[in-house]
Amino acid sequence: MDPLHRYAGRLALRAIYFAKAISLVLQAMQIHIGVPHKSTLYRQFLTSSVSRINFLGFRLYRALPFLYELRCVLDWSCTTTSLTMYDWLKLEDIHASLFLVKCDVDLNRSTHQQGQRQSKMTKFCNGICLFWVLLCVIWAPMLMYSSGNPTNIANPIKDASARLDIQTISGRLTLFETTLCEKISWENLEGRGNLDPMGVLNAYNEKDIQLICCQSDASTLWLVPPVVKARFINSLKWNMDISFSWQFSRDRPKGKELVKYEIPIMYEDLPDNSEVINVFNGTSNSFTVFNVYPRYFRVTGSGDVRSLDQQSEDVSADIVLNRGNPEWWSFYDTDISDRHGCGEFPGPIAIIVSEETPQGIIGDTLSKFSIWGLYITFVLAVGRFIRLQCSDLRMRIPFENLPSCDRCPFYQ
């Protein structure tokens, strides 16, 4: 046994052996007494007497899934009777209903005179408390997915990478890709006003904001066979698409630790086909792409990446092919003012707001549902259950409002 879990393992083994011992005792008693052939309907220990403990225990027994049904089927199978199973279940239901009515008469209605108003304590316990419970059911999902969730903890970006691809009818080639990105906390930055002149980040917690500074030189070499390059140049004459993608890694939520944001560049922002062909042919070294990606991102608690500010200008860049043996690509941000704080990293720069996420079991559960999914599966289910309990109450009056059960043969 692992020494770290030895104490817990001993407790688990003792609990298993104890449960097994109880099971053996019950089996021995069953063998000794034998299988009953007479109905035990009127000799159930929970319905033998009327008390608050028996009432709550019977309610709990009926609420446990399959336990009531298993007992009824086993009793019918072992009892000599002329009733069908369906009739037996009806008899069981009548017995249970009369017992609950008798508990209500003896424990509740007998202590309250007709015409007497309900006490404030009763109204508080049954009315106000239920009102607040229903409000909590309605508003709890919104609280769980909001920033006010008390279980939320910081969930910063642990790793980042940037990539630029070019695609034609011949396929896709990766021009620039780097995984060498520095993550700088917003609290440790000097001159933050230069990075956020419009005050876009004022509404967010500084602990959730990070500056991502990637190197301008690609971390992979440009190794494309001449034959493949020649075919790709020919396809550039017909059509061309360029896309840029960010990839971020976090610790949570579970199953969505890696998120990706990919955006195709608009046609009017693409360079001319001849400029790209000249770089591939070697007659030129660079071309410019406008509005490559937005500067500000928000990584939500559910694992989605969204643009933070639609009004801010997107990043434009010079894409340079460095001649050498071998060759490699570079990505240079053309907005010089936004490079403040990145030092020697003039490559792709982004400002990320990584939202806090719940921790523990709550975080793992919420990561599997959206707020709409949680409302549909939980809130609407609870609302439907409550509506079923409150509807058609007039049909239950003859059965639940009996003045007394003493005249019934079950309780004579």
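Residue numbers start at 1 and run along the sequence shown.
In this structure, I166 and R172 have side chains that are not in contact, with every pair of non-hydrogen atoms separated by 4.5 Å or more. Between Y332 and S286 there is no side-chain heavy-atom pair separated by less than 4.5 Å. Proximity of I351 to L201: side-chain heavy atoms (C-beta onward) are separated by under 4.5 Å at one or more points. Between V289 and I265, the closest side-chain pair of non-hydrogen atoms falls below 4.5 Å. Counting only heavy atoms from C-beta outward, the side chains of I184 and Q210 never approach each other to under 4.5 Å. Side-chain contact check for Y204 versus I209: some heavy-atom pair is nearer than 4.5 Å. Between R231 and I233, every side-chain heavy-atom pair lies at or beyond the 4.5 Å cut-off.
Defined by atom type and a distance below 3.5 Å, a donor-acceptor pair is present between the side-chain atoms of Q27 and S23. R306 and Y261 are not linked by any side-chain donor-acceptor pair at a separation below 3.5 angstrom, with hydrogens and angles left out of the test. Neither side chain, D217 nor T178, offers a donor N or O lying under 3.5 Å from an acceptor on the other.
K102 and D104 are not joined by a salt bridge, as no carboxylate oxygen comes within less than 4.0 angstrom of a charged side-chain nitrogen. Salt-bridge formation is detected for the pair E262/K260: a Lys NZ or Arg NE/NH1/NH2 atom is positioned less than 4.0 Å from an Asp or Glu carboxylate oxygen.
Taking the six-membered ring for Trp and thresholds of 30 and 60 degrees, W246 and F248 have nearly parallel ring planes, at less than 30 degrees apart.
Cysteines C214 and C181 place their SG atoms closer than 2.5 Å to one another.
Outside the 6.0 Å centre-distance limit, the rings of W328 and W222 are not counted as a close aromatic pair.
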